[in-house]
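For the numbers below, each heavy atom of this structure counts, side chains included, while hydrogens, waters and symmetry mates do not. We count ligands from 1, going down the list as the structure has it; atoms in each ligand are counted the same way.
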Amino acid sequence: MANSEYEYVKREFEYDRHLPPSNWIVVRIDGCHFHRFSKIHAFEKPNDENALNLMNDCATAMLEKFPDIVFAYGVSDEYSFVFREETQFYHRRESKILSLCVSYFTSVYVMKWKDFFPNKELKEPPYFDARAVCYPNLKTIRDYLAWRQVDCHINNQYNTCFWMLVKSGKSEQEAQLALKGTFAKDKNELLAQQFQIKYDDEPAMFRKGSSVYREKVETTVKTDDYGNPIKRPRLKVTVAHIDIIGPEFWENHQHILREGKFMLEFVKKIGIGHMLPPCNWIVIRINACQFDQFSIMHSFDKPNDETALRLMNASASLMMERYPDIVFGYGFSNEYSFVFHEKTELYQRQESQILSSCSSCFTSLYMTKWKEFFPKKELVQTPRFEAEALCCPKLKIVCEYLSWRQAECHAANQYDTCFWMLVKSGKSEKEAHEILKGTLSKDKNELLFHQFQMNYNNEPVMFRKGSCIYQQKVEELSGAEGGNNGTRERWDVKVDHVDLGPGFWQKHPLIMTNC
Ligand code: GTP
Ligand code: MG
């Protein structure tokens, strides 16, 4: 299993970038295509209070979930999360941190949508990308946050003027012209003179953005013998719309950006995004976190829940539609690998953005498709998926990688089938593990056959082989409807459960080259 002949593809090709130590880590999440998303959902312009409050609730959930996030700042469709300087969260592995953050954020966004928009249906799955940047000291991290708040001010002041002009009858082009080259002072005057608006009276959330942090609050912990409350300061996650450019807030909240014990010996370079090498096939592997717990909470069948697997396949098929550069997908259990064409220019091949947007999009699709597959089961826990990237310089290595995942599928499924048969027959889980310890594939097949009269090879093929998805030509029209040469091809996503050996690739020579 772990040492199969294919396993070298993990050892030799998987990226494992660790973010440098003793740096504050900022994960900045940004809504993908939120211009369109806000239009489709008729967000108010320029600021939709509900949409912003939903973002703030997601950020609050992040601080409650991940204790190493010490501060968050959000505006519009973006949120920055600051991890404490010495964090050892996932050993500072960039791909883990990014994918988990963005996937959890997306999950909460979808889950809480109806709390903020009870009368608006979610028309398309929202998703976000993320990048991680490292800041070596207190000055640079403070400057980073100040930069985001200055940006918020500039954009909001411009947008406020722009939409007031448009609402007063100007065309969008005229409004743009009227604002061209104006300074902050001019815009304030325009608002005051033409619309009797004092910019400083606009809601603080719009002008200052939202800061999320732990605030000391006096909380009653118990009562004394006379019934008097005994209070202690406790840290509570708080959202505020305050100035974070000046020193005042930070002087009053010194616990937030406390520097670690070790001083830096030298100033590290500010992190630059990592580019995946050109002309390499990119594989993004998505994997559900704490899936054991998730499957218990939703009473999935053991060892395989067919509906849950079909939901994974449906989400993966939609991924292929959303990312045309994905040429192949392979999944089993709670994971899916997506192969991007070697020439993909998605996000200029920036690793962090590719893997974060994939993990977020997959989470969102999984959640929005949930009720179609489980109409009677409420989604009671937020699913989240981590993602990793792998680079394969040759197609042969991609195929070996896929064979490796299929070997894992086989080994895991054969073990789990035996394990659950033994448990169902009355053995304890410990006894079942003991019985299976050190057994080979052949032994397991024999155990199933002799003890349970089961032929492993007759088990459903989706469980044994996993699922692969790829584009398949389904129809060729000729004549008037056809393209230039008289024929037109239509490609559909096909879900298949087959052996990914050389025979498969010979039969489908075009899969990996089409996109
Ligand atoms: P990418 O991030 O590159 O995928 O594009 P994007 O469309 O998300 O644009 P960008 O992140 O640069 O800007 C965010 C966009 O979200 C803004 O241009 C707005 O159109 C939209 N948006 C964010 N918040 C609000 C809001 O409160 N109301 C409205 N109407 N639109 C908003
Ligand atoms: Mg955006």
* Which of these, Phe66, Tyr127, Phe128, sits in a ring-ring contact (aromatic ring centres under 6.0 Å, His included) with Phe105? ->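 When Phe66, Tyr127, Phe128 are each tested with Phe105, the ring-ring contact (aromatic ring centres under 6.0 Å, His included) holds only for Phe128.
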* From the options Phe83, Tyr144, Trp147, Phe71, select the one residue that forms a ring-ring contact (aromatic ring centres under 6.0 Å, His included) with Tyr135. =>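 When ring-ring contact (aromatic ring centres under 6.0 Å, His included) is applied between Tyr135 and each of Phe83, Tyr144, Trp147, Phe71, only Tyr144 qualifies.
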* **Under-4.0 Å heavy-atom contact between protein and atom 12 (O) of ligand 1** =>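 Within 4.0 Å of atom 12 (O) of ligand 1, no protein heavy atoms are found.
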* Output yes when a protein non-hydrogen atom is found under 4.0 Å of atom 24 (N) of ligand 1, and no otherwise. =>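 Yes; the ligand atom in question has protein heavy-atom contact below 4.0 Å.
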Using a 4.0 Å heavy-atom cut-off, which part of [X] comes near ligand 1: side chain, backbone, both, or neither?
| X | value |
| --- | --- |
| Asp48 | both |
| Glu44 | backbone |
| Ala51 | neither |

* Asked: Hey, is the Mg ion (ligand 2) within less than 2.8 Å of some N/O/S atom on Phe34?
  ->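 Of the N, O and S atoms in Phe34, none lies under 2.8 Å from the Mg ion (ligand 2), which means no.
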Considering only heavy atoms of [X], which atoms of ligand 1 have at least one such atom less than 4.0 Å away?
| X | value |
| --- | --- |
| Asn47 | 27 (O) |
| Phe43 | 28 (N), 29 (C), 30 (N) |
| Asp30 | 2 (O), 11 (O) |
| His35 | 6 (P), 7 (O), 8 (O), 15 (C), 16 (O), 18 (O), 20 (O) |
| Gly31 | 1 (P), 2 (O), 4 (O), 8 (O) |
| Cys32 | 4 (O) |
| Lys45 | 30 (N) |

* Residue-ligand contact Ser76/ligand 1, heavy atom below 4.0 Å ->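 Yes.
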Are [X] and [Y] close enough that a side-chain donor and a side-chain acceptor fall under 3.5 Å?
| X | Y | result |
| --- | --- | --- |
| Thr140 | Asn137 | yes |
| Gln157 | Arg207 | no |
| Thr382 | Ser107 | no |
| Ser467 | Asn313 | yes |
| Tyr401 | Arg285 | yes |
| His253 | Glu215 | yes |
| Tyr336 | Asn287 | no |

Among all protein non-hydrogen atoms, which one is nearest to [atom], and what is the separation to 0.1 Å?
| atom | answer |
| --- | --- |
| atom 10 (P) of ligand 1 | Asp77 OD2, 4.1 Å |
| atom 5 (O) of ligand 1 | His33 N, 3.8 Å |
| atom 22 (N) of ligand 1 | Ser38 OG, 4.0 Å |
| atom 6 (P) of ligand 1 | Phe34 N, 3.4 Å |

* Can you tell me the angle formed at the Mg ion (ligand 2) by OD2 of Asp77 and OD1 of Asp30, to 10°? ->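 Rounding to the nearest 10 degrees gives 100°.
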* **Aromatic ring pairing Phe300/Phe374, orientation class (parallel under 30°, perpendicular over 60°, tilted between)** =>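 The rings of Phe300 and Phe374 lie parallel, inter-plane angle below 30°.
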* Assign the ring pair Tyr366 / Phe294 to parallel, tilted or perpendicular, where the plane angle (0 to 90°) is split at 30° and 60°. =>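 Ring orientation of Tyr366 relative to Phe294: tilted.
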* Asked: Side chain of Ser364, backbone of Cys361: donor and acceptor closer than 3.5 Å?
  ->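 Here the side-chain-to-backbone pair does not exist.
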